[in-house]
Enquirer: 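Below you'll find the structure I mean.
Note that ligands are numbered from 1 as they come in the structure, with each ligand's atoms numbered from 1 the same way.
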Amino acid sequence: MSTTSISPSIKGALSALASKDLHSGIKHKFATDPSRIDKFTHDLGEFYLDLSKTHISDELVSKYIEFAQEVRFESKRFDFLAGAKINNSESRSVLHTLLRDSSNQGISMVEPDSLKQAATSKQQFIEQYQAIQTKLASRNVPVADIIHVGIGGSSLGTQLVFEALKELNASIKVHFIGNIDAHQLVDVLSQCRAESTLVVGVSKTFTTAETLQNLDSIANWFRSSGDSEPLSKFYGVTAAPTKAIDYGIYSENVVSFPNWVGGRYSVWSSVSLSAALVIGIDRFNELLDGAAELDKHFYQQPLKSNVCFLAAMLDHYYGNFLEVKSRAIFAYDFRLRSLVDYLQQLETESNGKDRQRDGTPVDQQTSPVVWGGVGTDVQHSVFQMLHQGTAMIPSEFILVARSDHEMDDHHQELLANGLAQTAALLAGQDLETIERIHGAENLSDSTKHAKIFSGDRPSSTILLERLTPRALGGLLAFYEHRTFCFGVLTNINSYDQMGVELGKRLAKQVKPLLACDQKQKSVEEFDPSTLNLIARINKI
Ligand code: F6P
């Protein structure tokens, strides 16, 4: 039996609101409601969210609060906090937030065992971090390069934290190797010297094919550089310590984290070791504190002013009632250049599902395509489509008010550009304005029409005062909880990732066919296109 999570009456009301919204637009909302800024901006200290340039309205919020009641949102949030096995397909609790609840705010209601495990794991990480730092300090040749080997959740968050929070002139370089494509690895190895390189292999399971093969190749590179004991330079971060030891990581170099930390939610754990070694453990702890503050907001704020719920509500409304298929994220800060990659995994691996929690087909649109880039680069590539393309693409701007460099004129220009884009998306440009601006130029009608921007294109803005560890922690926790809320609204399990398995299994069967091993019979029947491509590659 299918458990439809949206009732006909709410669906009807939201569809009616959507038709009205499409017809009247966002500018009209500003014109008719002078208190729009007060109502739809949210000041959480270092994190400020402006939703006023979206289709949000009092009516929309109140309908979604009714919808939330129907899907028993509060009780699902309670289940999450109480450590219930909300990842039902894998029968697991989702407890990564415990890692950042250092002041034990008394919000988590999980069993004392999990709380103890979280505290122990945090303490162990700090101690191991300190031991590694001491070891590094006593080396004859200082470490200049860390090669972080890991993929997906075992890398994306660490890379983001490293890039966002490292000093601009940090003395240690961290290279992130995830992909099995050795073009990247060969390039990185050519920049490193074995005597000043440390390797941090990160894998929750310590079975991921790419990670193990990359580690093997790096060990061989050490050997070929004359190092007979390469594994003494390897650290293994994992939730499966015995697997890491079986691989060959020295037991004293294994840094573990609890199994209840999901891969794409693991940035808060020792998975971030390589970033912490560069930014320092104090700043890493501030990252956790910033996330904990946002957690408190998410757990305690009523839905009407809960930023995570409101953002997820808009994602749901756009996808299900305004036929929106994608959402774009533009960070106007180069240090956040890996944010989109991180959020793509967080949101699409969590919510790109076509089954409800009970396994029946979902009857709503789940995760939008999440994409984006860094401003101002994106203005010279994809923004044409945002302003004048036929699809409505809600976009999200992340602005940082104060920079950490001294070139103020660059920063003012950067901010001016980001703000101007949000203003342009809303305002658009009509024929009258074009004629006024270009009156003297004698433009043809077709040129004038090509210059029309419809406007009324939704955008939201997140404004951070500075890119501090606390601000980044809050930002990432906001996206995590937004992802949770969206999963509740669409009635899916946001915490498994079954969709990645089939391709991995088939890759194991394609590989021997590529090696022209005629004796190796494929277990699966491959389609004619794939077989043809295999044959063609084998001929080249
Ligand atoms: O392939 C998907 C995935 O399982 C991700 O969810 C995970 O972050 C990544 O692979 C890496 O897995 P592991 O940390 O076990 O190497």
Enquirer: Could you tell me whether Arg92 and Asp496 make a salt bridge, using a distance below 4.0 angstrom between a side-chain N and a carboxylate O?
Expert: no
Enquirer: Can you spot which of Tyr235, Phe284, Phe257, Trp268 makes a ring pair (Phe, Tyr, Trp, His ring centres under 6.0 Å) with Phe125?
Expert: Phe284
Enquirer: List the atom pairs, donor and acceptor, that lie under 3.5 Å between side-chain atoms in residues 152-160 and the rest of the protein, sequence neighbours left out.
Expert:
residue	atom	partner	partner atom	Å
Thr158	OG1	Val271	O	3.1
Gln159	NE2	Glu163	OE2	3.0

Enquirer: Run through ligand 1 for me and note each protein residue having a heavy atom under 4.0 Å from it, chain first, then residue number.
Expert: Ile151, Gly152, Gly153, Ser154, Ser203, Lys204, Thr205, Thr208, Gln345, Glu349, Gln497, Val500, Lys504
Enquirer: Under the side chain to side chain contact (heavy atoms under 4.5 Å, CB included) test, which residues partner Glu286, sequence neighbours left out?
Expert: Arg283, Pro469, Arg470
Enquirer: By side chain to side chain contact (heavy atoms under 4.5 Å, CB included), which residues pair with Asp216, not counting sequence neighbours?
Expert: Tyr247
Enquirer: Taking the six-membered ring for Trp and the full ring for Phe, Tyr or His, determine whether the centres of Phe478 and His297 are under 6.0 Å apart.
Expert: no
